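Just so we're on the same page: letters track the sequence lines, and every chain starts at 1. Predicted model, so just to flag it, every value in this text is computed and none were measured.
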2 protein chains.
Amino acid sequence: MITIKKIAELANVSTATVSKVLNGKDQYISEETRKRILDIVEKEGYIPNGIAKSLKIKKTKTIGLIIPDVMNPFFAEIARGAEDAAEEKGYTIVICNSDNRFSKEEKYLSILQEKMVDGVIMTATESNTSQTIERCNIPIVLVDRDLQMDKPIGRITVNNEEGTFMATSYLIGKGCKNICFISSKIVNKLSKERLQGYKKALEENGFPVDENKIYLESFNVETGYKGVNELLKKGHMDGICCGNDLIAIGAIRALKEKGLKVPDEVKVIGFDDISISKYVEPPLTTIRQPIYEIGRESVNMLLSIIEKGKTKMHKVLTVTLVERGSS
Amino acid sequence: MITIKKIAELANVSTATVSKVLNGKDQYISEETRKRILDIVEKEGYIPNGIAKSLKIKKTKTIGLIIPDVMNPFFAEIARGAEDAAEEKGYTIVICNSDNRFSKEEKYLSILQEKMVDGVIMTATESNTSQTIERCNIPIVLVDRDLQMDKPIGRITVNNEEGTFMATSYLIGKGCKNICFISSKIVNKLSKERLQGYKKALEENGFPVDENKIYLESFNVETGYKGVNELLKKGHMDGICCGNDLIAIGAIRALKEKGLKVPDEVKVIGFDDISISKYVEPPLTTIRQPIYEIGRESVNMLLSIIEKGKTKMHKVLTVTLVERGSS
DNA sequence: ATGAAAGCGCTAACAG
DNA sequence: CTGTTAGCGCTTTCAT
């Protein structure tokens, strides 16, 4: 391996001088030696050892990203937004899949700290993660899910309650009388808010909240599919407000198998607007979150904490209803 | 920040001793001091500085992963498989999106080398990337796309030609007489092979290869959509062999808009079997690649190069036809 | 069973 | 304009 020392010898200068030209701190370096050094660097194919540099300057220019699963289109988009913003700022992303499990969140948080990442962006699943986060001494920004923290951290959220409220109200406006709700049973703020918005819309419009019309499992396609089948056993439905698009896709699939027409007989509305939603059949009407932007904003917020010393930031992005074919 | 030196002082031992117990090299350490050190480490919440360790041992336990785009479900699955396998082996993944652009591939390769990653897994887009790879002095394994290299590297491929050959033959077997082909126009082995398989199946069954039935653009939904519209202007079709599932999804969408029934009037077959393919309507018949396994295998191969000094490995995984509703 | 000391490759005061 | 030098926090050989 060729080091800065070797370059210094070849150029007949000290390592300090080489370091200076390599880092652009060369106001006081003669043009001649500067060029000589650069030529040698080029000729020898010298690659700086970032690890050594990081040890010295105590910055790794890397960010940890802990999400439940990159295979979930929602988180893949968050990851892409984050990586794009990071790349623009000269940072790199270490990706970690937690599968919504506390043990993995904890493990990764610890690994990332050992790797001396400059900060982490995470979707914290369980509330006991909050203790782990409190103990963590690197900047953190929470995305998608929200947690109450003593420690100042960054948070990016969306008005979930408003989203499902809009969704359910929309269904009511379309004439639905029996609206079901299929979502996740994870006990966190996000799930609670989405359920709340659904109930609130029902109540404000004079409809009863019927627990037999609610199916709670996970934020995935299978849940939508199973949910419809279970709810159908319990009664009639003409509208479904889904906790996310994946659930809506599974629900539509089950509905079709039962011979129920979407949106004619049952109207379905999703949440998130993941990129494939416009391509399913019928195209999904959904509550849109600016997913990619959330990813970008998460690193921008993190960097303003890291580089500008900001703290306790909180940004709420707005959701909008996008009308397509499923309701 | 609390360091090993501090722990040593508190425990009244040398840093060497602390290091030994921390790394399990404590055969010769008395049980008593071992316990004392561990207690202090625990109590102080000591976190080892992985950067310092890496500088010393010249291993970072991290792997770079360069793919075109994590938002593409195919690469998201590769990423997930890779991360899972890496996690099991104590490695971490740095993710890089190249957008199929040489400049980004080159840039990331250089950044990853500076970060001293132990190896990189990449989907190399352009053939001029091969020169950059030759110059790179860390272990590399190529996935999905294949490149001819002098330097010994790892490669994981799939029999693409066989895949589209099977797909097209299947369509012919179903009675299609006018089979179109929609795929990517990237000039690489993979694209060439997939086109080749299609042509070969046509020829072997006595059908002419008609350039007016071929539309080449990108491996995405838009291409499928536009492809169908363009090809429809040029003539009749009753079957489409698609370069990947995303294209198939776009094609089906366009077909429906034109009022053409899938699979009754036009049969469509995809390639990859990305996870959403079974949920589209109709569920996609496709040539399945073991995507998740490819991701896993890529890190396993990389690690056997890194840790066991293997070289020039090449693994070809098999594709299989999965029959669903679209043809 | 434990410690002293060298050194990984780099940066940044400070000196000259 | 350039060099000397002291570390960053850790591992590891070699002594003891």
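To the nearest 0.5 Å, the span separating CD1 on A:Ile93 from CG on B:Asn97 amounts to 9.5 Å.
Taking a 4.0 Å limit (strictly below) on heavy-atom distances, residues 14-27 of chain A reaches DNA chain D at A:Ser14, A:Ala16, A:Thr17, A:Lys20. Contacts between residues 33-61 of chain B and DNA chain D, defined by a heavy-atom separation under 4.0 Å, are made by B:Tyr46, B:Pro48, B:Asn49, B:Ala52, B:Lys53, B:Lys56, B:Ile57.
If you measure from atom OH of A:Tyr28 to atom C1' of C:dT11, you get 18 Å, rounded to the nearest angstrom. Spacing between atom CE of A:Met1 and atom P of C:dG7 amounts to 18 Å, rounded to whole angstrom units. Regarding A:Lys5, its NZ atom lies at a distance of 14 Å from the P atom of D:dT5, rounded to whole Å.
Between A:Arg145 and A:Asn100, the side chains place a donor N or O and an acceptor N or O closer than 3.5 Å (distance only, hydrogens not considered). Judged purely by distance below 3.5 Å, without hydrogens or angles, the side chains of B:Asn137 and B:Lys151 never pair a donor atom with an acceptor atom. A side-chain N or O of B:Ser14 and one of B:Thr17 form a donor-acceptor pair less than 3.5 Å apart. Side chains of B:Ser130 and B:Gln148: a donor-acceptor N/O pair is absent below 3.5 angstrom, by distance only. A:Lys53 and A:Asn23 are linked by a side-chain donor-acceptor pair at a separation below 3.5 angstrom, with hydrogens and angles left out of the test.
With respect to B:Lys43 and B:Asp39, no salt bridge is recorded, no charged nitrogen being found less than 4.0 Å from a carboxylate O.
Contact between B:Ala85 and B:Asn300 at its shortest, heavy atoms only, is CB-OD1, 4.3 Å.
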